Visitor: 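Here's a structure for you.
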Amino acid sequence: MKPDDFAFLSDLVKSRSGLVLTRDKAYLLESRLMPLARKRNMKGVDELVRVLRARRDEGLARDVTEAMTINESFFFRDIEPFDLFRNTVLPIFRKSRADTRSMRIWSAAACCGQEPYTIAMVLKEEAAKLAGWRIEILGTDISGDMVAKARAGVYSQFEVQRGLPITLLVKYFKKQGEMWQIDPSLRAMVQYQEHDLLHDLRPLGRFDVVFCRNVLIYFDPETKTRVLEGIARVMPPDGLLFLGGAETVIGVTDRFKPVPGQRGIFCLNRDPASAAHPESAASGAGAR
Amino acid sequence: MKSCLIVDASKVIRLVARKILEDLEFESEEVADGQSALEACRRRMPSAILLDWNLPVMSGIEFLRALRSLPGGEAPRVLFCTIENDLQHIQDAIKAGADEYIMKPFDSEIIQAKFAQVGLL
Ligand SMILES: C[S@@+](CC[C@H](N)C(=O)[O-])C[C@H]1O[C@@H](n2cnc3c(N)ncnc32)[C@H](O)[C@@H]1O
């Protein structure tokens with residue numbers, strides 16, 4: 001790919017999604033945009049760029065962005081965050097929300113649903129302790145294709161083998177031909193909506209727990225700050241945030257600080273003017 | 001070093017599995033049927049067993065039942081790795097004492113995910 005074609009495409013994707021594509025992702029651009037070019041009867045990525053340069057083609061620009069907002073996910077990704085969610089975070093909220101018995105959880109880059117359905121499975125496994133509770137799970141993603149796939153809850157054999165314990169596959173999935181369909185009771189626990197993290201988040205409501213994992217890594221520093229500060233505004237003071245293994249708030253925003261000893265979990269900084277405590281900063285920077 | 005016994009009638013599959021497991025720092029031993037697998041376990045219990053279902057001499061599930069009744073036979077983590085991908089086979093495997101279940105075809109990511117699942121990584 002010609003360097004200025006690459007620059008054009010990466011500018012386009014960045015302005016629309018905040019996703020930063022480094023030069024080493026050039027091959028990824030080619031391989032993901034080829035099918036798109038063919039679908040539109042274009043000879044290749046060169047022609048696709050020519051068309052985009054020549055005129056404003058909203059649909060094409062959106063398709064390019066969607067093809068590039070890397071959409072890979074697994075059930076129980078990294079295992080540990082979901083153990084922490086079950087054994088540490090849920091007990092905290094069971095106490096602090098004992099009066100209303102309600103909670104809202106947000107999977108902010110839900111991809112094809114693995115993350116919100118993982119949360120739903122954990123809640124199901126803990127159902128005995130949560131009798132009478134109303135817990136909402138919202139999954140949002142910028143990609144309409146992802147949201148549609150998440151809603152359908154149908155996964156390939158390959159997808160159900162990455163992270164999902166076999167006992168949970170047997171318990172919560174049904175085989176349909178070569179695919180696996182998630183149980184209707186789990187589907188009913190999760191609402192999905194198409195939403196861009198760079199847009200105003202307040203219409204989504206407030207969330208006690210937010211999972212925003214493996215999406216900030218694609219954003220440049222200013223966008224990371226902007227998204228995290230947006231998320232802070234939709235959380236109550238005692239809300240908790242989960243980030244991915246390679247993500248942190250350190251050096252990005254002082255609205256959040258790491259929860260000491262709980263890798264990957266962040267809480268709101270009540271006093272943002274004073275920097276996070278040095279010891280908690282250290283434990284956060286050491287995350288993976 | 002953790003060890004894995006690879007039980008599969010296909011030499012090619014054994015080779016692919018061995019390569020992946022070596023990258024995950026497992027020392028591996030290969031056998032082609034259930035009977036030889038049982039003998040290997042009598043000599044020395046491995047940390048993990050990657051087990052095909054359809055095997056000559058003694059099938060995977062027969063081997064698993066025999067293993068679990070041996071002294072010390074509860075210890076190895078057993079991961080089925082088979083083309084059988086219907087619910088009935090999976091449930092039978094779990095009942096017989098399998099810790100995980102891999103449906104072929106597999107790749108290194110699946111093997112890694114499943115070994116992490118059973119606490120070996
Ligand atoms: C690598 S996946 C992460 C999925 C899941 N959270 C996980 O950790 O496995 C990244 C997802 O972020 C979505 N995404 C990218 N940019 C976004 C944006 N600006 N707003 C919302 N979602 C976005 C992509 O469509 C993709 O599904």
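Computed from a predicted model, the values in this text were never measured in an experiment. Proteins get letters first, then strands, A, B, ... in listed order; numbering begins at 1 in each.
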Visitor: Give a yes or no answer on whether the side chain of E100(B) reaches the backbone of I166(A) with a donor-acceptor pair at less than 3.5 Å.
Guide: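 A pair under 3.5 Å: yes.
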Visitor: Heavy atom to heavy atom, less than 4.5 Å: which residues from residues 103-121 of chain B reach chain A?
Guide: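 Within residues 103-121 of chain B, near chain A: M103(B), K104(B), P105(B), D107(B), E109(B), I110(B), A113(B), K114(B), A116(B), Q117(B).
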Visitor: More than 12 heavy atoms of other residues, nucleotides or ligands under 6.0 Å from CD of E194(A): is that the case?
Guide: yes
Visitor: If the condition is salt bridge (charged side-chain N to carboxylate O under 4.0 Å, His left out), which residues does E62(B) pass it with, not counting sequence neighbours?
Guide: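 Once residues adjacent in sequence are excluded, E62(B) has no partner under the salt bridge (charged side-chain N to carboxylate O under 4.0 Å, His left out) criterion.
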Visitor: For atom CD of E39(B), decide whether the heavy atoms of other residues, nucleotides or ligands shown that lie under 6.0 angstrom number more than 12.
Guide: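 More than 12 heavy atoms, drawn from other residues, nucleotides or ligands, come within 6.0 Å of this atom.
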Visitor: Heavy-atom distances under 4.5 Å only: say whether L169(A) touches chain B with side chain, backbone, both or neither.
Guide: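 It is the side chain, since no backbone atom gets that close.
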Visitor: Near K2(B) NZ, under 6.0 Å, is it more than 12 heavy atoms from other residues, nucleotides or ligands?
Guide: yes
Visitor: Using the rule side chain to side chain contact (heavy atoms under 4.5 Å, CB included), only one of I90(B), N85(B), L87(B) pairs with K175(A); which is it?
Guide: N85(B)
